[in-house]
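Values reported hereafter were calculated over all heavy atoms of this structure, with side chains retained and with hydrogens, waters and symmetry mates removed.
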Amino acid sequence: GRLATPGRMAMIGTAAIVASVLPGGAQGQETISLFNGQDLTGWTVHGTELWYVENGDLVCESGPDAQYGYLATEQTFRDFDLTLEFKQEADGNSGVFFRSSLDGTRISGWQAWLVQPDAEADSVLRMGEWNRMRIRVVGDRVTTWLNGVEMVDLTDGQIGAADGVIALQIHDGGGIKVRWRNLVVREL
């Protein structure tokens, strides 16, 4: 397979970032901005790939080793609704992991892909432009949307049993550059 990384993983399909207004929810559910637009406060870098802030965007770029790299939240999230925006400036694959744990660049957890070789998904993904993604994880159910289009609705007991951090991934192979912004999570 494509993933050389050990651990439990599921290809959840094209992840989805969605509207700037988060849907529904009870009063008192606060949204948490995961990225402050200035530095990597609240995040931990795993690996030698480059993570930096440029013009208010979070940027990941392949480093000299051209290996897998991760940027993980310091806080763990179990049931949540995550929205974010991403723009791919150079070819390559990246993704969002959730309920995950890391040992260096060895990750165990679940991944929602930003790119998937599915014709329908490709038509929704806008290369070189900002895309909105949303990932909703509640219990053992995962739902993802890309640019407002539902991509995956999956129920899996193993996912339900997991807990951990949210992590952004840059794929191995080099030559990858992805921008991220407006990373907002609502705990459910």
Side-chain angles (χ1 to χ4, degrees), residues 1-17 33-77 82 84-118 121-122 125-133 135 137 142 144 146 151 158-159 162-183 185:
R2 289 190 191 174
L3 290 173
T5 316
R8 266 190 340 230
M9 288 200 195
M11 238 194 319
I12 308 282
T14 306
I17 297 178
S33 180
L34 296 179
F35 171 55
N36 64 17
Q38 297 176 338
D39 57 33
L40 300 182
T41 299
W43 296 88
T44 303
V45 175
H46 296 263
T48 59
E49 307 316 290
L50 309 177
W51 299 88
Y52 57 95
V53 180
E54 183 179 77
N55 299 326
D57 298 336
L58 174 59
V59 182
C60 65
E61 195 171 353
S62 298
D65 297 337
Q67 293 299 309
Y68 285 97
Y70 301 91
L71 186 70
T73 59
E74 292 173 0
Q75 185 176 345
T76 61
F77 296 93
L82 170 69
L84 60 89
E85 293 177 278
F86 68 95
K87 179 167 68 172
Q88 289 177 262
E89 296 201 334
D91 282 346
N93 189 321
S94 60
V96 179
F97 281 76
F98 55 92
R99 292 189 184 168
S100 299
S101 57
L102 286 111
D103 178 13
T105 56
R106 296 165 67 94
I107 191 164
S108 175
W110 305 94
Q111 179 178 20
W113 287 96
L114 299 190
V115 176
Q116 172 184 330
D118 176 289
D122 280 351
L125 180 72
R126 297 190 289 261
M127 290 299 296
E129 297 179 33
W130 286 104
N131 292 271
R132 287 183 317 232
M133 175 180 186
I135 304 170
V137 183
V142 178
T144 69
L146 178 65
M151 289 289 163
Q158 281 189 294
I159 295 175
D163 198 359
V165 300
I166 293 170
L168 309 180
Q169 178 209 54
I170 184 170
H171 213 272
D172 65 349
I176 299 172
K177 186 174 183 180
V178 182
R179 289 180 175 271
W180 310 79
R181 70 183 186 192
N182 298 332
L183 294 98
V185 67

**Request:** List the steps, then state whether side chain to side chain contact (heavy atoms under 4.5 Å, CB included) holds for Leu183 with Leu168.
**Result:** CA-CA 11 Å; Leu183 294 98; Leu168 309 180; 4.1 Å; yes
**Message:** The test is side chain to side chain contact (heavy atoms under 4.5 Å, CB included); show your working for Phe98 and Ile159 and say whether it passes.
**Reply:** CA-CA 9 Å; Phe98 55 92; Ile159 295 175; 4.2 Å; yes
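Residue Gly95 comes nearest to Trp180 through the heavy atom pair O-CH2, 4.0 Å, listed as atom of the first residue, atom of the second, then distance. Scanning all heavy atoms of the two residues, the minimum distance from Phe35 to Gly56 falls at CE2-O, 3.3 Å. Across all their heavy atoms, Ala167 and Ile107 have their closest contact at CB-CD1, 4.3 Å. Taking each heavy atom of Gly37 and Val53 in turn, the nearest pair found is O-CG1, 3.5 Å. Closest approach of Leu125 and Gln88 over heavy atoms only: CD2-OE1, 4.0 Å. The shortest heavy-atom contact between Ala112 and Ile135 is CB-CD1, 3.8 Å.
At least one donor-acceptor pair under 3.5 Å links the side chain of Trp43 to the backbone N or O of Leu34. Counting only distance, with no hydrogens or angles, the side chain of Thr73 and the backbone of Ile166 share a donor-acceptor pair below 3.5 Å. A donor-acceptor pair under 3.5 Å is formed between the side chain of Glu49 and the backbone N or O of Gly63.
Using a 4.5 Å heavy-atom threshold, the side chains of Val59 and Lys177 count as touching. Between Asp57 and Lys87 there is no side-chain heavy-atom pair separated by less than 4.5 Å. Residues Val142 and Trp110 fail the side-chain proximity criterion, which asks for heavy atoms closer than 4.5 Å. A 4.5 Å side-chain heavy-atom check between Phe86 and Val96 finds every atom pair outside the cut-off.
Annotation: the span from Tyr70 atom OH to Ser100 atom OG amounts to 9.0 Å, rounded to 0.5 Å. Atom CG of residue Leu40 and atom OG1 of residue Thr44 lie 9.5 Å apart, to the nearest 0.5 angstrom. The distance from atom OG1 of Thr105 to atom CD1 of Ile170, rounded to the nearest 0.5 Å, is 13.0 Å. For the atom pair CH2 (Trp130) and CD (Glu85), the distance works out to 6.5 Å, reported to the nearest 0.5 Å. The CE atom of Met127 sits 10.5 Å away from the CD atom of Glu89 when rounded to the nearest 0.5 Å. Here the CG-SG distance, from Leu50 to Cys60, works out to 9.5 Å after rounding to the nearest 0.5 Å.
With sequence neighbours excluded, the residues forming a side-chain contact (heavy atoms from CB on, under 4.5 Å) with Ser101 are Ser108, listed by chain and number.
Ring geometry, His171 versus Tyr68: the interplanar angle falls from 30° to 60°, so the pair is classed tilted.
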